[in-house]
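Below is one structure, written out as C-alpha cells; the observations come after it.
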Amino acid sequence: MSDKKVRVRFAPSPTGGLHLGGVRTVLFNYLFAKKHGGDFVLRIEDTDQTRYVDGAEQYIMDCLKWCGLTPDESPLVGGPFAPYRQSERKPLYREYAERLVENGHAYYAFDTSEELEQKRKDVPNFQYGHAYRHEMRNSLSLPLHEVEKLLHDGTPHVIRIKMPEDETIGFDDMIRGHVTFDSNLVDDKVLLKADGMPTYHLAVVVDDHLMKITHAFRGEEWLPSAPVHILLWKVLGWEAEMPAWAHLPLILKPDGHGKLSKRDGARLGFPVYAMNWQDNKTGELTPGFRELGFLPEAFLNLLAMLGWNDGTDQEIFSLDELIEKFSIDRISKAGAKFDFEKAKWYNAEWIKKSEAESLKLKVWEILKSKGIVIKDEAYLLKVIDLVKERCVLLEDFYQQSAYFFQQPAEYDLNAVKPKWTDAKTDFFNAFISILSSPETFDAAELETRFKALAEEKGLKAGDVMLPFRIMLVGGKFGPHVFDIAKLLGESEAIIRIEKALEAFNA
RNA sequence: GGCCCGUUCGUCUAGGGGUUAGGACAGGAGAUUUUCAUUCUUCAAACAGGGGUUCGAUUCCCCUACGGGCUACCA
C-alpha cells in the first residue's frame, strides 16, 4: 500500500445540494491526496434512479470548483478509469454479483417488497440473514429447478450477499483503530437490485477496486455497513488491495442532537449547503455559504477545523497550509456541533487577511447588484482596504462602502438635530473654505485643520466630528472620518457638507 | 430493541500517569478608536459517574450513564 500511488475518491449521489459535511469529506480526501502527491477522483453514485435529481451533478462540480478542490478525474474531465458515473457502468456490476453467486457467497432472492414488509411485521427485529433466509424465497431455500424456472421466466429478483455465520469481521480504521463485528448480526444486504443496478455496497467495492482507490474516507454513518464491504473485498478475492478506511466523525446540530441537516439551517438561520440549491420540483431554495457571503478560503478553513487541528494554537490555515500540515491521526473521533458564530468569525478573519485585489471582483459584483456602478478600480481598492476589517460577510461591503460611491440618501438626523446650532453651521461653512483652498491635505492634516478651526470657533472638536461623519456617510458607522473625507476628495466632501447643511437646518 | 462509534469549559478543541488542565468562538469587564468595527488587556467557564491498576489518575483498564450513528431493492 505504501509503495502505491495514493488515490482517493469522493462519491456523492446526485440527489440534491451538497451538505457541508460532504464538503468536509471532499476536503479531507483532497488534503490527503495532495499531501501524498496522489489523485483525487470524483465518482458519481447515481445508482438509485428514483432519487436522481437533475442538475445535482453539475451543482456538485460547481461546488468543488468554487472551493478550489478540483478532481483529477471526474465525469467532466474523464480519466483512465472512465466512466465515472455508476449508471454508465451498470453492466459491470452484474458480472461480479453473478460471480459471487457461483462461488456461493451470494444468492438470488425473489421476495417481493410486500412479502418482505409482511415478514418484518410478523417477526420483531427481522433480519434477512442466516436465521431467516431459509424461510424466504431465494436460491438457498428453493429447489434448483424452481430457481431456474423463476430466472428463466424473468422473475424480478435481487442478489443478496450471504453473510457467514459465527465469524468476526474486523478491520483497522485509520481514525478509530480496530473495529470488529459479529457476522451473525449483519444481514444479507442486497448487492444487485431488481432493476439491475448495484446497491452502494456492491458498487463502492467494485469501483474502489477497479479505480485502484488506496484510501477511503466517508462519514461515520457508514461504519455499520463496513463489515459488508470488508467481506465483499475478501470474497471477491481483492483483500490485499483493500483501501485503508477512515470513518470521519459527523457534523452535528448546534442545538439539540443528531446530525446536521438542511432543516436545521432553515430552523436556526444559517446555511448548510455549500451553495444555493434550488429544487426544481418544489421550487424550494436552500441557501448556501457562497451566496451568504462566505469566502471559499474561510469555508474550507472552518470545515477543516471541525474535527481536525494541527496540534498548535493556529486557527487560520490556507489550503496550502492545510495540505502541508494535514494528518489523519489528528482527526478527532467524536462528532462536532456546528457553530455558525465561529463560522462567521473565520470569514471575518479571511476578509481582513485578504488583499483588496483578491476581494475586488466579489465586492464589485455585490455593489453592482445594488445598482452601484464603479468606474474607478483604484478607488474601489482603496475603499476595500479602508472598510474590510469591519465586514463579516461579503454583503457587508455594501453597507460599509456604498457611501463612497453615492451620496447618503438620508441622514441619521436624530444623532445631529437635537444638538444642532447656528455656530455649527458657521463652522462647516468655514471648513468648506479650507477644503476649497488650492492647498491639498492628507487625512492627518485635514484633522489638524478641522480641530484648529473648531477651537477657533469656540466649539469642541467632538461636537462637530459626529455631524461631519453623518454628512459624509449618513450614519454613525465607517472608518476614521478624515480617511473617508480624504478618499472622497475635497470637492465631493464640500458637496456633501452643503447638502447635509440644508437637511440639518431644515 | 439490537449492533457499532463516541464522551476535556456553553461550542470547537490542546494536553496527557504528578500541569496554575492551554488556545479559539461566544459571554462579562476595561483600554484604545471623539462613530461603529478592529485591536489590546482582563474575568468567568471543563476532565460524565463508579470501580480498578498505580506511590499517584483527567490521562491506562472495566462497568454504568449519557450522546450519536446504523438497523431499505437510499446513499
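Values in this document were obtained by computation on a predicted structure and should not be read as measured data. Reminder, nothing fancy here: chain letters follow the sequence lines and each chain counts from 1.
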All salt bridge (Lys or Arg N to Asp or Glu O under 4.0 Å) counterparts of [X], not counting sequence neighbours:
X        : result
A:Lys424 : none
A:Lys417 : none
A:Arg160 : none

Contact list please: [range] against RNA chain B, heavy atoms, distance less than 4.0 Å, in numerical order.
range                       : answer
residues 16-27 of chain A   : none
residues 381-419 of chain A : A:Glu389, A:Arg390
residues 347-356 of chain A : A:Glu349, A:Lys352

- Do the side chain of A:Lys342 and the base of B:A26 come within less than 3.5 angstrom through a donor-acceptor pair of N or O atoms? no

Expected rows: protein N/O vs nucleotides 62-65 of chain B N/O, under 3.5 Å:
none

Collect all protein-nucleotide pairs involving nucleotides 69-74 of chain B in which both atoms are nitrogen or oxygen and the distance is under 3.5 Å.
unit_1: B:G69; atom_1: OP1; unit_2: A:Lys259; atom_2: N; d: 3.0
unit_1: B:C70; atom_1: OP1; unit_2: A:Lys259; atom_2: NZ; d: 3.0
unit_1: B:C73; atom_1: OP2; unit_2: A:Arg160; atom_2: NH2; d: 3.2
unit_1: B:C73; atom_1: O2; unit_2: A:Ala194; atom_2: N; d: 2.8
unit_1: B:C73; atom_1: N4; unit_2: A:Asp111; atom_2: O; d: 3.0
unit_1: B:C74; atom_1: OP2; unit_2: A:Lys193; atom_2: NZ; d: 3.4
unit_1: B:C74; atom_1: O2'; unit_2: A:Asp48; atom_2: OD2; d: 3.1
unit_1: B:C74; atom_1: O2'; unit_2: A:Arg51; atom_2: NE; d: 3.2
unit_1: B:C74; atom_1: O2'; unit_2: A:Arg51; atom_2: NH2; d: 3.3

- Query: Residues two or more places apart in sequence or in another chain: which of them pass ring pair (Phe, Tyr, Trp, His ring centres under 6.0 Å) with A:Phe10?
  - Reply: none

- Task: Could you tell me which residues satisfy side chain to side chain contact (heavy atoms under 4.5 Å, CB included) with A:Lys162, sequence neighbours excluded, listed by chain and number?
- Result: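 Residues passing side chain to side chain contact (heavy atoms under 4.5 Å, CB included) with A:Lys162: A:Tyr107, A:Arg133, A:Leu140.
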
- Item | Within residues 198-207 of chain A or reaching into it, pairs that qualify as side-chain hydrogen bond (donor to acceptor under 3.5 Å, both in side chains) - sequence neighbours excluded |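 side-chain hydrogen bond (donor to acceptor under 3.5 Å, both in side chains) check on residues 198-207 of chain A returns A:Gln86-A:Asp207, A:Arg89-A:Asp207, A:Tyr93-A:Asp207, A:Tyr200-A:Arg218, A:His201-A:His229.
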
Result block: side-chain N/O donor-acceptor pairs under 3.5 angstrom for residues 444-454 of chain A, not counting sequence neighbours:
unit_1: A:Glu445; atom_1: OE1; unit_2: A:Asp442; atom_2: N; d: 2.9
unit_1: A:Glu447; atom_1: OE1; unit_2: A:His480; atom_2: NE2; d: 3.1
unit_1: A:Glu447; atom_1: OE2; unit_2: A:Lys451; atom_2: NZ; d: 2.9
unit_1: A:Thr448; atom_1: OG1; unit_2: A:Ala444; atom_2: O; d: 2.9

